[in-house]
Structure formats: C-alpha cells, structure tokens
**Q** 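Dropping a structure here in structure tokens format, bear with me for questions.
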Amino acid sequence: MTKHIFVTGGVVSSLGKGLTASSLGRLLKARGMRVTMQKLDPYLNVDPGTMNPFEHGEVYITDDGGETDLDLGHYERFIDEPLTRSSNATTGSIYSSVIAAERRGDYLGKTVQVIPHITDEIKRRISSLASDDVDVVITEVGGTVGDIEILPFLEAIRQFRLDVGRDNVCYVHVTLVPYIGPAGEQKTKPTQHSVTELRSRGIQPDVIVCRSDRRISDSLRSKISNLCDVPLDGIINAPDANSLYEIPLTMHEGGLDRYVCSILGIEYIDPDLREWRELVDRVERSWKPLKIGIVGKYVTLPDAYLSVAESLRHASFHHEVDLSIEWIMSDDVEGLLVGERLGHLDGIVLPGGFGERGVEGKIEAAGFARENDVPCLGLCLGMQVMTIEYARNVLGLSGANSSEFDGADVTTPHPVIDLMDSQRGVTDMGGTMRLGAYVAILDEGSQVADIYGDTVISERHRHRYEFNPKYRSRFEDGTAFRCSGNSPDGKLVEFIELADHPFWVGTQAHPELKSRPDRPAPLFDSFIEAALKLAEKNDPDRFVGLAPDDDVSPDDANLTASAAVIDAR
C-alpha cells in the first residue's frame, strides 16, 4: 500500500518546508523507492496563474499545463520526476469542486459543510496520487500551523491516518529554534508552542525538523523530545547550509530518512547518494568567477525568477563556475544607463514576464548584448524583446513592438509580436495561453540544434503572444537573424538566434523548468560556456591561480566522514 508523509510548518513562514519535503523525497528515491509529491496551498486563488510575482514568486508550469506553486520546482529538481497539475491543490480549487458538485446535485440535497465535504475533497486530492506505480506520496501543507486558512487541511490529514491506517502515515513538522543574541542561547519555546498548536488539532508529529542558523546541542534535542513527546531519534536538526543542495545530506546525517522509514514500516536500505555527493562536491569546488545579469521586472523578489536562477547555478556547477548573479531592474537600463549597468557583465539573461512596464529596458539590454558580443539568453518575453530590438535597430522597422503593449492612444505600426488569429476575441485569462509542454523542430545545423544534440525537442510554455509570421521573411532575408526552431506545423517560431554572434539565443519556451542540478538545461549550459569563453577572451589571465590545489576539499572530506558515521550506525 502507498505510504503517505505530511509536512507541516510552524512559528514562521519560509522555514523551508518545501526543501525539507524535497530532500526527504530525494533520500527515499535514493533508497530505490518510487516517490511523488504534492503541495496543498491555503489561498483562495484557484491556481497561482493570476497572482502577482512580487507577492507570490514564480508560477511553475508542469508538462500538462498546470500553473502551480514554485515549490513544485523544488520537488522536480530534487526527486527528478515530472509532476502534474494534480500535485498542487488550493483552497480555491477545492471549494470550486465542492460547489460545482453541489450545483449538480451530487450531495443529494444534504447540507454542504467544511466537514465532511471540504475535508473529503482534500483527502480525495491526496489519494489521487497514490497508485500501484507510487510507493510514497509526500504532501506539503502550505502556511503555518495556527493560520485559520489551513484548518480544513489539518483536519483532513488528521482523518487520513484513520482512513489508511496508522502505519501508512508519517507527520513531519518543521519548526524554528532561534538564537537570541543578547541571551547567547538558542530557544526551544517557539517549537514547543508550535507543536502544542498542532496537537490541539489532533495531530501528534512523528518527526520534528528543527531549523536553526547553527547546530543545536544534544541537550536541546533532548529537551524538545521530552516536552513534545517525540523520541529523540525523531528530533532532526537542519541548520543553515551553504547550498540548498547540501540539505539532503544534512538530513541524512541527522537520520531523517532512516527514522521516517521506521515509522512507516519500510525496510531499511542504504541510500545510494554517490551522485548527490559528487554534485555537492562540484558546488563546493566551483572556482571560476563569472557575473551574470538577470534583467527583469520583478528582481526585487528573486523568487519571481527562482527556476532561472537555479538553472544558471546548475550550469555553473557543470563548468566549475563560481557564479555571481546580479539582479538588475529593467527600468534601470534605459537610455544612457545601459552601458553603465551592463558593461561589466559576462552574460545577460532576459527572463519572462507580462505587461509593458520595464520592457524598453529589456529591449536596450538585448541591443547592448547584440552589439557588444555579450552572451544573451532570452526566455519567453526575453525572446520577444530580442525580436523587437532587432526589428527596430537592424531592420529599420521604426516603432516595432508587441501588440501586448499597445496603449489606448498608440498602436504599433509593426506588431512583430502578436496574438495568433485563433486567440483573438477570447476573454478568459487562460483562454489565449499556451501552457505546458510543446514539441519544437530545430533546423539542422543551427546553433540550437547543436546545443540540444537533436532536432526534435520539447520544452514547457507559458505565454499568450507569438512571433508574428507575417514579418518572418523580413527578418530572415539577407540578415544574420534565424528562426531556428519552429512548431511541428511550421506556424509558430520557438527559437531565434544570430549567425554572427557568439550566443544571442531566444526561446519562446521556459527551459529553466526542466533543468536539474546534475543535468543542466542545454540552453543554460551553453550560455554559461559562452560566458566563460568571453571572460577568457577579454582577460586571458582571469582564472590563473584560482584553481583549487587539493584533490579533496575539506568540505568533501567532512561529507565522506559523515557518511562513514551514518553507515556505521
């Protein structure tokens, strides 16, 4: 029977419930188990698709077109399994389903209530992921224990253990152990209160993951164990890590996966963490300094571009690059400021987005990269602004723009980016969106075909506007511009590139959504490689003397020693 793990959080938000759940998923998969994951979100939005990136961070897209919470990105990157829209359920979507069922008469005239109807729908969503192909379902409950919004979720997961059997459910609670500077000590009281609140809802945690800025002592672990009625082996410390990819190893060192398996009655098998240890070693030993600029509209909240940043890091690990990301507000690179803000960068990424604000800055950044041979990667809107820049400054199409940015009084004379004819007149917010995985055919001999090593590829999409095919001949006739990847029917442009540029590549897709820490997305991998070549060309001595001398770094030695201690238990 499928086992279920529920991850809750207490005290404050942003403690790392998603990373804890993801790390546990990786550890269980390393034991040979088949793992899938799910996020239950308490907000009333049906999905995150219409939420402001400044408020909620990026919208993560699954292959089947689900607009989901960004934590699903962590899940996929860690367990390396494609998830679906079923892996994210919100209060809004749950209430919508229940109300629709009531309108159809499914409840046969009964009074519809939170218990049992809402809680039953939550349990149905959880159970829907359990199948013969899945050994463990890990479900993260968003929000913080004590929030009024998550009460139905807590009640549902409380009932769930009764429904499927005590041995098939494990509750993991993530909480905070803060360090109080003036007192010079760590405090367990927030954890105690959080667990008390959880127990008041009928849930006794099996495991408490204690987040802290430094390691907690064994005496503090014993105190938490005694006061929260959780065995000492179930008190796991998760101190801050230098890299989020160290977290699975830290959790394993603390015995999290071993203890969870004992709760669930799963036979103990040593996890194979060799590849993950090699990954962490590469992270620690990265030594070639590069500075990459992300020119975007939402850079004041880096989570808005979380998958982009992680994809850059994945590629950097592969090339032993010590990456420095510079977050640049696109409004700050317009006019005379463009060279001042971008001149020191080794590469430029133009990420996606919606709306007119900041677009002119992105267009100028694309032009700066094109004119100065700076590697430039355009993603979704990034590809569109590269197209607009080329139209204006190379093809001489004055006023070229996207019809998305047409104002009430001004209409672009050259809509090089436009809606497809089939999309016009559709008023539903999602009705004109291309969402999910789509196949692209790459031109043989093109730069992108060489990068992917294939001419048939698939990437995920989330956009409404497209390259206007009416202008295609004007771009490609006698210029270096090339529409190098297209939809299978040839109607939609998926990739653009410049034949006379080291790396000026744009894609209508979001390749960052399929990047993995040990398998970087091909476009990001080639982008970082191009940035390295530019850095070495501009300064041949830039990396001289920076390479690590030792065969084994101290961090790697510590990880090896920790592994020996764990295996000896």
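Here the structure is a predicted model, which means the values were calculated and not measured.
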**Q** Take D303 and Y305, measure what side chain to side chain donor-acceptor pair (under 3.5 Å) needs, and give me the verdict at the end.
**A** CA-CA 5 Å; D303 271 1; Y305 302 116; over 6 Å; no
**Q** Mind jotting down which residue pairs meet the ring-ring contact (aromatic ring centres under 6.0 Å, His included) criterion with at least one end in residues 8-28? Sequence neighbours excluded, please.
**A**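 Qualifying pairs: none.
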**Q** Are R104 and D106 ion-paired here, with the side-chain N under 4.0 Å from a carboxylate O?
**A**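 Looking at R104 and D106, the cut-off is met.
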**Q** If you measure from CZ on R215 to CG on L220, what distance do you get to the nearest 0.5 Å?
**A** 14.0 Å
**Q** Specify whether H461 and Y438 have parallel, tilted or perpendicular ring planes, treating 30° as the upper limit for parallel and 60° as the lower limit for perpendicular.
**A** perpendicular
**Q** Of the non-hydrogen atoms in V177 and K187, which two are nearest, and what is the gap between them?
**A**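 Taking V177 first and K187 second, the nearest heavy atoms are CG1-O, 3.4 Å.
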**Q** Could you tell me whether the side chain of R211 and the main chain of L15 form a donor-acceptor pair under 3.5 Å?
**A** yes
**Q** Report the C-alpha separation of T507 and E459 in whole Å, then their side-chain angles, then the decisive distance to 0.1 Å, and conclude whether the side chain to side chain donor-acceptor pair (under 3.5 Å) test is met.
**A** CA-CA 10 Å; T507 175; E459 295 286 10; over 6 Å; no
**Q** Please identify which of these residues, R31, M33, M251, meets the side chain to side chain contact (heavy atoms under 4.5 Å, CB included) condition with D257.
**A**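 The option that passes is R31.
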**Q** Under the side chain to side chain contact (heavy atoms under 4.5 Å, CB included) test against E67, which residue among R462, R85, M51 passes?
**A** R462
**Q** Among side-chain atoms of H510 and Y60, is any donor-acceptor pair under 3.5 angstrom?
**A** no
**Q** Can you name the nearest heavy-atom pair linking V230 to D206, along with the distance?
**A**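 Minimum heavy-atom separation between V230 and D206: CG1-O, 3.4 Å.
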**Q** Can you confirm whether more than 12 heavy atoms, excluding those of I180, are under 6.0 Å from its CD1 atom?
**A**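 More than 12 within 6.0 Å, yes.
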**Q** Given R161 and D167, is the salt bridge (Lys or Arg N to Asp or Glu O under 4.0 Å) satisfied, shown in steps?
**A** CA-CA 8 Å; R161 176 174 258 182; D167 293 339; over 6 Å; no
**Q** Kindly determine whether H314 and F524 satisfy ring pair (Phe, Tyr, Trp, His ring centres under 6.0 Å), including the steps that lead there.
**A** CA-CA 8 Å; H314 299 166; F524 283 85; 8.8 Å; no
**Q** For T191 and L176, work out which heavy atoms get closest and say how close.
**A** OG1-O, 3.0 Å
**Q** Students often mix this up, so state it plainly: with edges at 30° and 60°, are the rings of F78 and H74 parallel, tilted or perpendicular?
**A** perpendicular
**Q** So, E140 side chain and A21 main chain: donor-acceptor pair closer than 3.5 Å or not?
**A**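 Between the backbone of A21 and the side chain of E140 there is no qualifying donor-acceptor contact (under 3.5 Å).
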**Q** Say you draw a straight line from CZ of R277 to CG of L249; how long is it, rounded to the nearest 0.5 Å?
**A**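 Answer rounded to 0.5 Å: 5.0 Å.
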**Q** Is the shortest distance from a Lys or Arg side-chain nitrogen in D163 or K123 to a carboxylate oxygen in the other one below 4.0 Å?
**A**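 Yes, this pair counts.
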**Q** Within the 3.5 Å criterion, strictly below it, is a donor on Q192 or T188 matched to an acceptor on the partner's side chain?
**A**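 Per modelled atom types, Q192 and T188 side chains form a pair under 3.5 Å.
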**Q** Can we say D63 and K514 salt-bridge, meaning some charged N sits less than 4.0 Å from an Asp/Glu carboxylate O?
**A**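 Not counted as a salt bridge, because no side-chain N and carboxylate O are separated by less than 4.0 Å.
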**Q** Is the count of non-hydrogen atoms from other residues, nucleotides or ligands lying under 6.0 Å from D132 atom CG greater than 12?
**A**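 Open: at most 12 neighbouring heavy atoms sit under 6.0 Å from CG of D132.
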**Q** Give a yes or no answer on whether the side chain of E76 reaches the backbone of R516 with a donor-acceptor pair at less than 3.5 Å.
**A** no
**Q** Determine whether the side chains of D418 and S403 contain a donor N or O and an acceptor N or O closer than 3.5 Å.
**A** yes
**Q** With a 3.5 Å distance limit and no angle check, can you tell me whether R26 reaches the backbone of P248 through a side-chain donor-acceptor pair?
**A** no
**Q** Would you call R34 and E81 a salt bridge, taking side-chain N to carboxylate O under 4.0 Å as the test?
**A** no
**Q** Does E267 pair with R258 as a salt bridge, N-O distance under 4.0 Å?
**A** no
**Q** With N237, which residues qualify under side-chain hydrogen bond (donor to acceptor under 3.5 Å, both in side chains), at least two apart?
**A** S212
**Q** Would you kindly say whether K39 and N88 are connected by a side-chain donor-acceptor distance under 3.5 Å?
**A** no
**Q** Quick check: does any side chain N or O of Q204 sit under 3.5 Å from a backbone N or O of C228, one acting as donor and the other as acceptor?
**A**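 A pair under 3.5 Å: yes.
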**Q** Look at R282 together with E275 and state whether they make a salt bridge at an N to O cut-off of under 4.0 Å.
**A** no
**Q** Please check: side-chain N/O of K29 versus main-chain N/O of I79, any donor-acceptor pairing under 3.5 Å?
**A**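 Confirmed, K29 side chain pairs with I79 backbone.
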**Q** Side-chain donor-acceptor pair under 3.5 Å between T91 and E149, yes or no?
**A**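 E149 and T91 do not have a side-chain donor-acceptor pair below 3.5 Å.
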**Q** Report the C-alpha distance between Q38 and T139 in whole Å, list the side-chain angles of each, state the deciding distance to 0.1 Å, and finish with yes or no for side chain to side chain donor-acceptor pair (under 3.5 Å).
**A** CA-CA 5 Å; Q38 182 180 49; T139 300; 3.2 Å; yes
**Q** If only atom types and distance count, is the side chain of K3 paired as donor or acceptor with the main-chain N or O of V136 below 3.5 Å?
**A**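 Checked: no pair found.
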**Q** Would H56 and Y43 satisfy ring pair (Phe, Tyr, Trp, His ring centres under 6.0 Å), going step by step from the backbone distance to the final call?
**A** CA-CA 11 Å; H56 191 71; Y43 47 76; 5.1 Å; yes
**Q** When you measure from the side chain of S96 to the backbone of G92, do you find a donor-acceptor pair of N or O atoms at a distance under 3.5 Å?
**A**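 Between the backbone of G92 and the side chain of S96 there is a qualifying donor-acceptor contact (under 3.5 Å).
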**Q** For E246 and A241, which heavy atoms make the closest approach, and how far apart are they?
**A** OE1-CB, 4.0 Å
**Q** Within the 3.5 Å criterion, strictly below it, is a donor on S131 or D133 matched to an acceptor on the partner's side chain?
**A** no
**Q** Taking side-chain hydrogen bond (donor to acceptor under 3.5 Å, both in side chains) as the criterion, tell me which of S87, S86, S93 meets it with R125.
**A** S93
**Q** Sequence neighbours left out, what passes ring-ring contact (aromatic ring centres under 6.0 Å, His included) with Y452? Give chain and number order.
**A** F495
**Q** Check the side chains of S97 and R124 for a donor-acceptor pair under 3.5 angstrom, ignoring hydrogens and angles.
**A** no
**Q** What's the shortest heavy-atom distance between V308 and P351, and which atoms?
**A** CG2-CB, 4.5 Å
**Q** How many angstroms lie between CZ in F405 and CD1 in I417, if you round to the nearest 0.5 Å?
**A** 9.0 Å
**Q** Determine, stepwise, if the pair H173 / S194 fulfils side chain to side chain donor-acceptor pair (under 3.5 Å).
**A** CA-CA 9 Å; H173 190 54; S194 180; 2.7 Å; yes
**Q** If you measure from the Lys or Arg side-chain nitrogens to the Asp or Glu carboxylate oxygens, is any gap between E466 and R434 under 4.0 Å?
**A**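 Yes, charged N to carboxylate O under 4.0 Å.
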**Q** Before accepting this row, confirm whether a basic side-chain N of the pair E197/R201 lies closer than 4.0 Å to the acidic partner's carboxylate O.
**A** yes
